[in-house]
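Here's the structure we're looking at; comments come further down.
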Amino acid sequence: MGYQSVMPELPEVETVRLGLEPVLEGRVITQARTRRGDLRVPFPPHFAERLTGRTVKALTRRAKYLLAALDSGETLVIHLGMSGRMSVYSEGKPRKLGNYVYDVAPASAGEGKHDHVVFETDAPARIIFNDHRRFGLMTLIATDALEKDKMFAGMGTEPLSEGFNARYLAEALSGKKTPIKSALLDQRVVAGLGNIYVCEALFRAGISPKRLAGSVTLDRIKPLVTAIKKVLKDAIAAGGSTLRDHAQATGDPGNFQHHFLVYGREGKPCKGKNGRGTIKRIVQAGRSTFYCPACQK
DNA sequence: AGACGTACCTGACCGC
DNA sequence: TGCGGTCAGGTACGTC
């Protein structure tokens, strides 16, 4: 099958980035093709032409966005939304590139109902962007204007960077009256967390998702920062979380869903140390929150 | 300004 | 088997 990935919070986007790196970074996009006019937003004018023939200088990630810096001075910005996935196939014969083995594309690859964008690179490889809910986006932005763009201006610190520490988070949360669960989902506070990993990090830090953000004291923010970093790192190491049909380059699914302590475990026994609690599901700001009332205060 | 609800779109799943 | 209702990992926008 090649490489495939879905479930895009930070660890899943990073897993996608790692799988795309060998077929994009330093490679030439020999062809780009869109199969409809828009995703969540329209493709920019002459999108395919502006990509074709360009070399990808670097493939990086900011929050849940993938950024492919091109030699034209533009950056291809990709967001996977809720259901976006990238499938990578070798051309001609199966190939090992970097740590990944890419198989040859089946004849129908790129022709599926929700296959919206197809790239060919000189790896040689075919990359297919599939997104059945179409909450994803792809656009082109001048590289030197990226930070000023509405998508990135005001965005918080990367949770795996040194800048994300107790002092930073305390400042970002101070005075906030919204629950800590909602605050951590706010990309202006910290960039890249989503519903699963916020639930998991709060459990690991022993903090109730209902506690108001501004009321979390510094002595509890420290373990929270540690928990966020650890859960993200562990998830990346596990190839992300698969709830449906995610697979890594090897063909194996992501693995981190087996390490969920609260997410999706409503009514099940708590796996924590004091562990007689039962995992509860509530709705906050329209999203499911899973937590253990006995362990999280 | 900040907090909240809602909309975007499709598919999977559950109960009847 | 079919149908309606509910839910889903994200983000942006309108409204108080």
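Within every chain, numbering begins at 1; the chains are lettered A, B, ... in the order of the sequence lines, protein sequences first and strands thereafter.
- Distances shown here put a side-chain N or O of A:Tyr263 below 4.0 Å from the OP1 or OP2 atom of C:dG9.
- Of the side-chain N and O atoms in A:Lys177, none sit less than 4.0 angstrom from OP1 or OP2 of B:dA3.
- The side chain of A:His114 sits closest to B:dG11 out of B:dG11, C:dG9, C:dT11.
- Among the heavy atoms of the strands, none lies under 4.0 Å from A:Arg188.
- The side chain of A:Met151 has C:dA12 as its nearest neighbour among C:dA12, C:dT11, B:dG11.
- Linking Ile, Leu, Val, Met, Phe, Trp and Tyr whenever their side-chain heavy atoms come within less than 4.5 Å puts A:Leu66 and A:Phe47 in one cluster.
- Using modelled atom types, no side-chain atom of A:Gln187 and backbone atom of A:Gly156 make a donor-acceptor pair closer than 3.5 Å.
- A salt bridge is absent between A:Arg61 and A:Glu12: the closest approach of a Lys/Arg side-chain nitrogen to an acidic carboxylate oxygen does not fall below 4.0 angstrom.
- Applying the 5.5 angstrom centroid cut-off and the 30 degree plane-angle cut-off, the aromatic ring of A:Phe135 is not stacked upon the base of C:dT11.
- A:Gly194 comes within 4.0 angstrom of sugar-phosphate atoms only, judged by non-hydrogen atoms across all strands, and of no base.
- With ring centers used as reference points, A:Phe152 lies under 6.0 Å from A:Tyr65.
- Contact annotation: A:Lys176 reaches the phosphate of B:dA3 (side-chain N/O to OP1 or OP2, under 4.0 Å).
- Contact record, A:Arg265 with A:Phe260: CD-O, 3.6 Å, taken as the closest heavy-atom pair.
- Side-chain proximity of A:Thr178 to C:dA12, C:dG9, B:dA3: nearest is B:dA3.
- Partner of A:Thr289 under the side-chain hydrogen bond (donor to acceptor under 3.5 Å, both in side chains) criterion, chosen from A:Lys280, A:Lys181, A:Arg281: A:Lys181.
- Taking only side-chain nitrogens and oxygens, A:Ser288 never comes nearer than 4.0 Å to OP1 or OP2 of C:dC7.
- A donor N or O paired with an acceptor N or O is found under 3.5 Å between the base of B:dC9 and the side-chain atoms of A:Arg133.
- Between A:Lys113 and B:dG11, a side-chain N or O to OP1/OP2 separation shorter than 4.0 Å is present.
- Between A:Arg287 and C:dA8 there is no side-chain N or O to OP1 or OP2 distance below 4.0 Å.
- Here A:Arg40 does not reach the OP1 or OP2 of C:dT11: none of its side-chain N or O atoms lies under 4.0 Å away.
- Proximity note for A:Gln187 (side chain, C-beta onward) versus C:dG9, C:dC13, C:dT11: the nearest is C:dT11.
- Between the side chains of A:Ser90 and A:Arg95, a donor-acceptor pair is found at a separation under 3.5 Å.
- Checking the phosphate oxygens (OP1, OP2) of B:dC9, no side-chain nitrogen or oxygen of A:His132 falls inside 4.0 Å.
- Paired runs in DNA chain B that reach 3 or more consecutive Watson-Crick or G-U pairs, where each pair keeps both distances under 3.5 Å, cover B:2-8 with C:10-16, B:10-16 with C:2-8.
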